[in-house]
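Each remark here refers to the structure printed beneath this line.
The figures here come from the full heavy-atom set of this structure, side chains too, leaving out hydrogens, waters and symmetry mates.
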Amino acid sequence: MNHKMFCFQCEQTAGCTGCTGNAGVCGKTAKTAKLQDELTGALVGLARACSSNPKTEATDKLILEGLFTTLTNVSFHDETLHDLLARIDTEKNRIAPGCAACGSPCGNTDNYNLESMWAADEDIRSLKSLILFGIRGMSAYAYHAMILGYTSDKVNNFFYKALYVLAEDWGMEELLPVVMEVGEVNLVCMELLDRANRETFGTPEPQAVPLHVEKGPFIVISGHDLYDLKLLLEQTEGKGINVYTHGEMLPAHAYPELKKYTHLKGNFGTAWQNQQKEFDNLPAPILFTTNCLMPVKSSYADRVFTTEVVSYPEMIHIGKDKDFTPVIEKALALGGFAEDTPFTGINGGTSVTTGFGHNAILGTAEKVVNAVKTGKISHFFLVGGCDGAHPGRNYYTDFVKSAPDDTLILTLACGKYRFNDLDLGTIGGLPRLMDMGQCSDAYGAIKVAIALAEAFDCQVNDLPLSMVLSWYEQKAVCILLTLLHLGIKGIRLGPTLPAFLSPAVLGFLVDNYAIAPISTPAEDLKTLLGK
C-alpha cells in the first residue's frame with residue numbers, strides 16, 4: 001500500500017513547503033502521518049456527534065488526548081494511534097448509538113477525511129490549518145492543566161467548535177473569526193495552566209541551575225509535565241538517585257514544591273534537538289513526558305522511557321499507574337558517571353538561571369519602571385519560542401549578544417537554549433537576561449507587558465518592547481494567535497514563515513499586525529530600536 005504523506009505543520013517541513021515522501025523530517029513515517037490524519041478526522045466525527053448529543057468529562061479528556069497525540073515529536077507509534085482510534089469510535093457510538101445502525105445515514109456524525117482539507121483552496125487550507133494547528137497546541141496546555149485538576153468549560157467547548165468547523169464548507173470571512181478565537185481561548189487556557197502550576201507547585205522564584213552531573217545513578221526527565229516530575233521525585237527520594245531536567249523541564253527548578261527535593265540536582269543537555277548526540281551512550285535512563293522526542297538511536301534505545309501521550313515503538317511506556325520502577329531500576333543498573341562530570345551550555349556557560357515568572361518580575365516593577373524613566377533601560381526584547389533543529393541557526397544568539405547593554409531580554413520556551421548560558425550582566429540592579437519558563441509562560445510575558453503599559457499609561461504597542469520569536473510546532477502557533485488576538489503588532493518571526501500561510505493570509509497578517517520575517521540581527525535591531 002502506498003503511504004505517501006502530506007504534512008506541513010512544523011517549521012522543519014521539507015523544502016519549506018511540506019513533507020510528502022515516505023517519512024517526515026521529524027522522523028515519523030508516512031503511515032504514521034496518515035494515521036494521525038485519520039485520528040484527527042475521527043475527532044471531527046466525535047465533535048459532530050456531540051453537536052446534538054451530550055458529551056461527558058471523559059469525552060473532553062479523549063478530545064485533548066487525541067489532539068495532543070498529533071503534535072510534532074509526540075507519537076511515532078502506530079499501535080497507540082490505532083488504540084486511540086478505537087476508543088474514539090467507541091465513545092462516538094456511546095454518544096450517538098443510533099448512527100452506526102441507521103438505515104438512512106445523514107452523514108452528520110461521519111468522520112472527516114483530512115485529505116479534503118489538504119486539497120482545498122490554498123486560502124481555505126491556510127485558515128483551517130491555523131485553526132487545527134492552534135487547537136493542537138492549545139490541547140497540550142489544557143491537558144497539563146487537566147492533569148492537575150483544572151479545567152475550563154470555555155476551553156473544552158471550543159475544541160468541539162473548532163473541530164466541527166474544519167469539516168464545514170466555509171469561506172475566508174467565516175473562518176477568520178474562528179482563527180482569532182483560537183488566540184482568545186488560548187489566553188484563557190494559558191491562564192488556567194499558569195494558575196494550576198502556581199497553586200500546585202508554588203510561585204516560581206529565580207533559581208541558578210548547574211549544568212554539571214554528580215557521580216552516581218541519575219535519571220534525566222524531559223518534556224513539560226511538572227506533575228510527572230513530582231511523582232518521579234517522590235518515588236526516587238532516598239534511593240541514592242539524582243534527577244536532572246532536560247529541555248522544557250528546566251523551569252521546574254524554580255517551583256518551591258519541586259526544588260525542595262534535594263536530589264533534583266540540575267539540568268542535563270542543551271537544546272532538545274541535540275538529544276541524539278547528547279544521549280549517545282548516556283549512563284542513565286531518559287523519561288519523556290511530552291513532545292520533544294526525536295527518533296531514538298540504538299546506542300541509547302535501551303534506556304528511553306515514555307509516559308502520558310508520548311509513544312515510540314519498542315520503548316517501555318509508563319502507564320496510568322505512574323509506577324516508575326522500571327526507570328529507577330535502569331538508573332541503578334547503569335550506575336551513572338564514576339566521577340562528577342562537567343557539562344556546558346551551547347556557549348560554554350556552566351549554569352543557567354530560570355524562574356523569572358510574572359510574579360518575580362512584577363515584584364520588581366517599581367525598579368523596572370524607574371530604570372526606564374532614568375534611561376538605564378532603553379528597550380525590552382522578548383526573544384523566545386519553540387526552536388527547531390536546523391544547524392547553524394545562530395540568529396537568536398547573535399541577536400541577544402548584539403543587543404545594546406541598556407536593553408533587557410526576556411525569554412521563554414526552548415528557543416532560549418541558544419543563548420541562556422550567556423552572562424549578559426545586570427542593568428538597574430536586574431539581570432539583563434530573564435528566563436520566564438516554558439512556552440505556556442508566554443502568558444506571564446503578556447501580564448508583564450500589560451502591567452508595564454499600565455505603569456506608563458500607554459498601549460502595549462507603544463512600549464519600548466519588541467518580540468522576536470522562533471516557531472517550530474503547534475504550540476507556537478496558538479501563542480502567536482493569542483498575541484494577535486491582543487492586538488500586539490510588529491512581531492519578528494523566524495527563521496522562516498509557516499509554510500501553511502497562503503500569500504493572502506500572510507498578507508492579511510502583515511497588513512493588520514505588521515508581522516515580519518526575521519532578517520539579520522543587525523538589521524532587525526536597527527529597525528526595532530528605531531535607529
Side-chain angles (χ1 to χ4, degrees), residues 1-45 65-89 110-120 122 124-126 128-133 135-137 139-140 163 166-167 272-273 275-276 288 290-298 301 304 306 309-315 317 386 388-390 471-475 477 496 498-502:
M1 182 182 294
N2 187 359
H3 286 293
K4 294 294 183 181
M5 72 191 301
F6 175 74
C7 182
F8 63 172
Q9 67 181 357
C10 85
E11 175 266 324
Q12 290 188 168
T13 188
C16 295
T17 56
C19 295
T20 58
N22 296 318
V25 174
C26 69
K28 71 180 176 184
T29 66
K31 183 180 178 183
T32 301
K34 288 283 188 180
L35 280 171
Q36 291 186 351
D37 280 0
E38 188 179 341
L39 175 60
T40 304
L43 292 173
V44 172
E65 185 179 352
L67 284 170
F68 196 172
T69 296
T70 61
L71 257 73
T72 305
N73 293 90
V74 169
S75 181
F76 296 79
H77 202 344
D78 295 353
E79 184 178 316
T80 301
L81 298 173
H82 280 297
D83 175 67
L84 256 176
L85 281 164
R87 289 164 54 199
I88 292 168
D89 185 60
D110 285 354
N111 292 353
Y112 179 57
N113 185 349
L114 221 60
E115 290 187 6
S116 299
M117 181 173 140
W118 303 143
E122 65 174 355
I124 302 302
R125 180 176 67 232
S126 183
K128 286 189 175 183
S129 294
L130 279 169
I131 294 169
L132 174 59
F133 302 159
I135 63 173
R136 282 177 173 175
S139 73
L163 286 165
L166 295 179
W272 69 270
Q273 61 266 22
Q275 65 187 256
Q276 290 178 322
F288 283 91
T290 58
N291 59 323
C292 298
L293 175 63
M294 297 180 74
V296 180
K297 293 174 61 178
S298 59
V304 169
T306 61
V309 297
V310 188
S311 189
Y312 198 90
E314 299 180 9
M315 302 296 109
H317 187 78
C386 302
H390 284 307
W471 81 279
Y472 174 66
E473 42 82 42
Q474 300 86 337
K475 283 180 279 189
V477 175
T496 61
F500 50 81
L501 293 179
S502 70

- Query: What closest approach, in Å, do Pro295 and Gly27 show between heavy atoms, and which atom pair accounts for it?
  - Reply: CG-CA, 3.7 Å

- Query: Can you tell me if CD on Glu79 sees more than 12 non-hydrogen neighbours from other groups inside 6.0 Å?
  - Reply: no

- What is the minimum heavy-atom distance between Ala23 and Met5, and which atoms define it? C-SD, 3.4 Å

- Message: I'd like to know if the side chain of His77 and the backbone of Met315 have a donor-acceptor N/O pair within less than 3.5 Å.
- Response: no

- Note on the structure: Taken to the nearest 0.5 Å, the spacing of Leu114 CG from Cys7 SG works out to 10.0 Å

- Message: Can a donor-acceptor pair be found, under 3.5 Å and without considering hydrogens, that links the side chain of Asn291 to the backbone of Leu71?
- Response: no

- Message: I'd like to know if the side chain of Lys4 reaches the main chain of Gly21, judged simply by a donor and an acceptor atom lying under 3.5 Å from each other, with no hydrogens or angles considered.
- Response: no

- Task: For the pair Ser139 (side chain) and Phe68 (backbone), establish whether a donor and an acceptor sit closer than 3.5 Å, ignoring hydrogens and angles.
- Result: yes

- For Phe6, does its backbone N or O pair with a side-chain atom of Thr20 as donor and acceptor, under 3.5 Å? no

- Look at the aromatic rings of Trp272 and Tyr472 and report parallel, tilted or perpendicular, splitting at 30° and 60°. tilted

- Are side-chain heavy atoms of Lys31 and Asn22 found at a separation under 4.5 Å? no

- Euclidean distance, Ser126 OG relative to Phe500 CZ, rounded to 0.5 Å: 7.5 Å

- Query: Between Thr80 and Ser311, what is the shortest heavy-atom contact and its length?
  - Reply: OG1-OG, 2.6 Å

- Given Leu163 and Ile131, is the side-chain contact (heavy atoms from CB on, under 4.5 Å) satisfied, shown in steps? CA-CA 8 Å; Leu163 286 165; Ile131 294 169; over 6 Å; no

- Message: So, taking the atom named CG in Leu85 and the one named CG in Leu39, what distance separates them when rounded to the nearest 0.5 Å?
- Response: 5.0 Å

- Could you go step by step and tell me if Gln9 and Glu473 meet the side chain to side chain donor-acceptor pair (under 3.5 Å) rule? CA-CA 7 Å; Gln9 67 181 357; Glu473 42 82 42; over 6 Å; no

- Heavy-atom pair of closest approach, residues Cys16 and Ala499: O-CB, 3.3 Å

- Query: When rounded to the nearest 0.5 angstrom, what distance separates NE2 in His317 from CZ in Phe288?
  - Reply: 14.0 Å

- Message: Would you compute the distance between atom CE of Met294 and atom OH of Tyr312 and round it to the nearest 0.5 angstrom?
- Response: 10.0 Å

- Search all heavy atoms of Lys475 against all heavy atoms of Ala140 and return the closest pair with its distance. CD-CB, 3.9 Å

- Message: Out of the candidates Val44, Leu43, Thr40, only one should pair with Tyr112 under the side-chain contact (heavy atoms from CB on, under 4.5 Å) rule; please name it.
- Response: Val44

- Return the minimal non-hydrogen interatomic distance between Cys10 and Thr72, and the atom names on each side. CB-OG1, 3.8 Å

- Message: We want to know whether Thr32 and Thr29 form a side-chain donor-acceptor pair, criterion being a heavy-atom distance below 3.5 angstrom.
- Response: yes

- Task: Would you mind checking if Lys34 and Glu115 are paired as a salt bridge, meaning a charged N to carboxylate O distance below 4.0 Å?
- Result: yes

- Flag side-chain contact, heavy atom, 4.5 Å: Met117 against Ser129: yes

- Task: Check the pair Leu293, Gln275 against side-chain contact (heavy atoms from CB on, under 4.5 Å), reporting the backbone distance first and the verdict last.
- Result: CA-CA 8 Å; Leu293 175 63; Gln275 65 187 256; 4.2 Å; yes

- Please step through side-chain contact (heavy atoms from CB on, under 4.5 Å) for the pair Asp83 and Arg87, ending with a clear verdict. CA-CA 6 Å; Asp83 175 67; Arg87 289 164 54 199; 3.5 Å; yes

- Item | Donor-acceptor pair, side chain of Thr69 and main chain of Val309, under 3.5 angstrom | no

- Message: Strictly distance-based, threshold 3.5 Å: is any side-chain N or O of Arg125 a donor or acceptor partner for the main-chain N or O of Ala120?
- Response: yes

- Message: Just verifying a value: how many Å separate Leu84 CG and Thr70 OG1, rounded to the nearest 0.5 Å?
- Response: 10.0 Å

- Donor-acceptor pair between Asp37 and Trp118 side chains, under 3.5 angstrom: yes

- Stepwise side-chain contact (heavy atoms from CB on, under 4.5 Å) test for Cys292 and Asn73: CA-CA 5 Å; Cys292 298; Asn73 293 90; 5.7 Å; no

- Message: Any side-chain to backbone donor/acceptor pair from Gln36 onto Ser75? Under 3.5 Å, distance only.
- Response: yes

- With a 4.5 Å limit on heavy-atom distance, are the side chains of Phe8 and Cys19 in contact? no

